[in-house]
Number of protein chains: 2
Amino acid sequence: MVQIPNTPAPTKSPAPRPVPTSADVARLAGVSRATVSYVLNNAGAVRISEPTRLRVRQAAEELGYVPHAAARALRAGHSRVVLMPTLPAPAGPLYSQFVHDFQGALARLEYTVVQYGATGLCGDDAARAWAELRPVAVLVPTPGIGPEGVAVLKRSGARAVVTLSPAPVEGAHALRLDHADVGRSAAAHLYARGRRRIGVVVPEGRGMEVFSAPRLHGSREALSGTGATVTELPLAYSEESAAALAARWSGLGLDAVFAYNDEYAMLLMRALQETGVRVPEDVAVVGADDLVLGRLLRPRLSTVRIALPSGRELASLVDRAVRNPAAAPEPHEPFGATVVHRESS
Amino acid sequence: MVQIPNTPAPTKSPAPRPVPTSADVARLAGVSRATVSYVLNNAGAVRISEPTRLRVRQAAEELGYVPHAAARALRAGHSRVVLMPTLPAPAGPLYSQFVHDFQGALARLEYTVVQYGATGLCGDDAARAWAELRPVAVLVPTPGIGPEGVAVLKRSGARAVVTLSPAPVEGAHALRLDHADVGRSAAAHLYARGRRRIGVVVPEGRGMEVFSAPRLHGSREALSGTGATVTELPLAYSEESAAALAARWSGLGLDAVFAYNDEYAMLLMRALQETGVRVPEDVAVVGADDLVLGRLLRPRLSTVRIALPSGRELASLVDRAVRNPAAAPEPHEPFGATVVHRESS
DNA sequence: TTGAAAGCGTTACCAT
DNA sequence: ATGGTAACGCTTTCAA
């Protein structure tokens with residue numbers, strides 16, 4: 001049977017040229033695919049004559065050849081991708097900075113960080129979706145993945161799984177980071193300052209509960225049995241929502257508020273001040289995350305600081321774990337939440 | 001020759017089990033790989049008996065089988081990955097929100113958004129690195145990629161390339177977004193308010209110049225030939241840096257400042273107020289990005305708002321472009337920069 | 001209803 | 001020094 005070479009498929013008019021492959025480069029340069037591979041990867045083991053190298057390079061240039069990462073990974077049996085699921089809510093400044101540092105540090109170690117939109121799925125289902133990419137390591141920034149999920153990832157070739165979560169997860173390098181600690185610290189601080197009727201801001205908005213729920217819970221826990229009360233205060237990140245909350249403030253009878261984080265604290269504090277509520281005389285306010293803006297407010301904002309690991313440290317941990325996956329997860333102290341007492345409480 | 005099956009490589013002690021493949025599932029279930037594929041992908045065209053389906057599912061479960069995305073993409077010849085290079089600097093709140101929306105909207109359209117750390121490389125070199133992933137679409141959030149880069153991506157199978165940049169890029173759906181407009185608007189506004197000696201804050205820090213340079217340049221441009229002066233004000237995002245700048249303020253002799261964005265404006269405004277400089281009487285301040293916090297400052301912060309496309313709109317644009325790559329890039333008006341005049345100017 | 005086989009793009013091994 | 005070939009894991013067409 002005669003095969004007509006390169007008959008264009010009779011579908012679309014622009015006839016989308018197929019993506020050039022290394023075989024195309026080889027054909028154009030008049031060499032074999034192996035030679036193309038050697039030249040383009042600067043393989044030291046094999047010597048290729050200079051003229052040949054040149055021909056191959058020119059051919060690749062001419063065709064606009066770009067190697068196919070998936071094919072390469074398939075062949076190699078591994079990749080240098082470090083996977084980082086994206087958060088369920090827009091990231092705050094603290095986290096953005098952290099991700100940026102982490103990414104930069106890993107890039108210097110020749111890894112590629114991929115933030116992957118793992119929408120909808122949760123827990124060990126999500127782990128399966130991540131495992132499809134066969135990352136060499138995974139950093140899970142929220143709780144929710146369990147030992148099963150970790151096992152799936154490891155069976156799929158992940159040499160390191162690092163979790164940031166309250167409880168250590170079997171099989172993972174568990175960096176213990178409990179947002180409930182933030183709530184606990186804030187509430188304990190307010191209680192120690194003599195406050196007894198404490199509001200806790202709970203941001204509205206999909207995905208926010210991942211962080212707000214533990215912060216609320218921690219506050220409740222710290223105050224249980226003390227006789228102090230905790231009042232949940234839903235609040236959207238808008239002037240209107242804050243004004244509405246401030247308008248019904250006197251009816252709530254609160255003498256303190258833990259405002260979820262510094263940004264919400266600023267929002268609420270302004271609304272309260274507008275309606276004549278004095279801070280900290282009438283109500284003590286505590287934020288969290290120790291953002292720059294907290295120091296700029298008047299009164300200066302008390303806040304709870306979390307000792308996040310630096311991006312560089314975490315990158316180096318990942319690298320060590322990848323190089324030696326057999327090593328037991330390094331134990332470490334939970335990241336503490338420290339109250340930074342300023343003027344608002 | 002007799003081949004000893006599954007001889008473990010005599011290397012490491014924990015003998016890392018190889019990752020289970022669909023062949024392993026097939027073997028365990030006593031069927032062929034094709035059947036496994038049919039069952040696991042719910043192929044409608046072929047009917048598989050219920051008992052077989054069950055056996056396959058159980059085998060997959062037991063082995064912890066997860067399909068290999070790279071292999072699948074290789075075989076399919078395409079993917080649903082939308083690539084988004086990460087910014088060279090930590091993202092601000094405006095951008096974080098945008099990315100989150102964009103990702104959510106694309107997920108609903110069954111795309112997978114991947115943020116890819118494209119560190120170091122720039123322009124068309126970066127494009128080559130992105131092309132290795134064979135994304136179906138690419139959203140380039142910074143200028144720097146040229147027609148060459150777009151061509152590389154398209155030749156590599158990208159059916160849509162969307163750029164957010166000042167000048168339209170040949171071959172791409174170019175959303176025209178010029179940060180110089182922000183600088184122009186701010187400067188023109190300050191000039192119209194009678195200010196003539198105008199400072200422009202330039203954030204320090206790697207990667208910031210991508211946005212700060214055009215904003216500065218736009219300010220210069222708007223004032224050239226008017227007799228007004230532009231003074232460059234390097235500023236790190238810290239209280240100390242702001243205090244240092246405020247300390248030498250009177251020597252600068254400025255009557256207005258465009259503070260890069262609302263966050264820097266807040267930082268500088270506070271430092272100025274601390275040293276007794278009155279806003280807006282002594283110095284007019286304009287921020288940018290129209291963040292919530294600008295409305296919370298006193299005096300309320302004037303700002304320049306950029307009409308970013310919503311994540312949903314952009315997602316739908318990407319989807320349309322992917323479905324019909326032949327269509328000419330949809331023309332559109334450049335996104336305007338609008339001055340929101342409040343009290344600080 | 002199920003199985004065999006080809007092929008996606010790449011690279012490593014083994015001939016030449 | 002270079003080229004043929006097999007194999008990575010998966011899907012799909014064709015044949016039984």
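In what follows, every chain begins at residue 1, and chains take the letters A, B, ... in the order their sequences are listed.
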Quiz item: Taking OP1 and OP2 of C:dT2, is either one under 4.0 Å from a side-chain nitrogen or oxygen of B:Thr52?
Solution: yes
Quiz item: Is it true that A:Asp319 and A:Arg323 make a salt bridge, defined as a side-chain N closer than 4.0 Å to a carboxylate O?
Solution: yes
Practice problem: Report the distance from atom CZ of A:Arg27 to atom P of D:dG4, rounded to the nearest whole Å. | Solution: 13 Å
Exercise. Fit a plane to each ring of B:Tyr95 and B:Phe98, take the angle between them on a 0 to 90° scale, and name the class: parallel (under 30°), tilted (30 to 60°) or perpendicular (over 60°).
Key: tilted
Self-check item: Side-chain H-bond candidate by donor/acceptor type, A:Glu313 with A:Ser316, under 3.5 Å
Solution: no
Practice problem: Could you verify whether a donor N or O on one side chain and an acceptor N or O on the other, from A:Thr86 and B:Gln103, lie under 3.5 Å apart? | Solution: yes
Quiz item: Is the shortest side-chain N/O distance from A:Ser49 to OP1 or OP2 of D:dT2 below 4.0 Å?
Solution: yes
Exercise. Check the distance between C:dT1's P and B:Glu50's CD and give it to me in whole angstrom.
Key: 11 Å
Quiz item: Please give, in whole Å, the distance from D:dT11 P to B:Leu40 CG?
Solution: 8 Å
Self-check item: Under 3.5 Å donor-acceptor, A:Arg312 side chain and A:Asp101 backbone
Solution: no
Quiz item: Which heavy-atom pair separates A:Arg33 from A:Ala23 by the least distance, and what is that distance?
Solution: CD-CB, 3.5 Å
Self-check item: Base versus backbone protein contacts along nucleotides 5-11 of chain C [heavy-atom cut-off under 4.0 Å; B, S, -]
Solution: -BBBBBB
Quiz prompt | Side-chain N or O of B:Thr35 closer than 4.0 Å to phosphate OP1/OP2 of C:dG3 | solution = yes
Quiz item: Rounded to whole angstrom units, what separation is found between the OH atom of A:Tyr38 and the C1' atom of C:dA15?
Solution: 11 Å
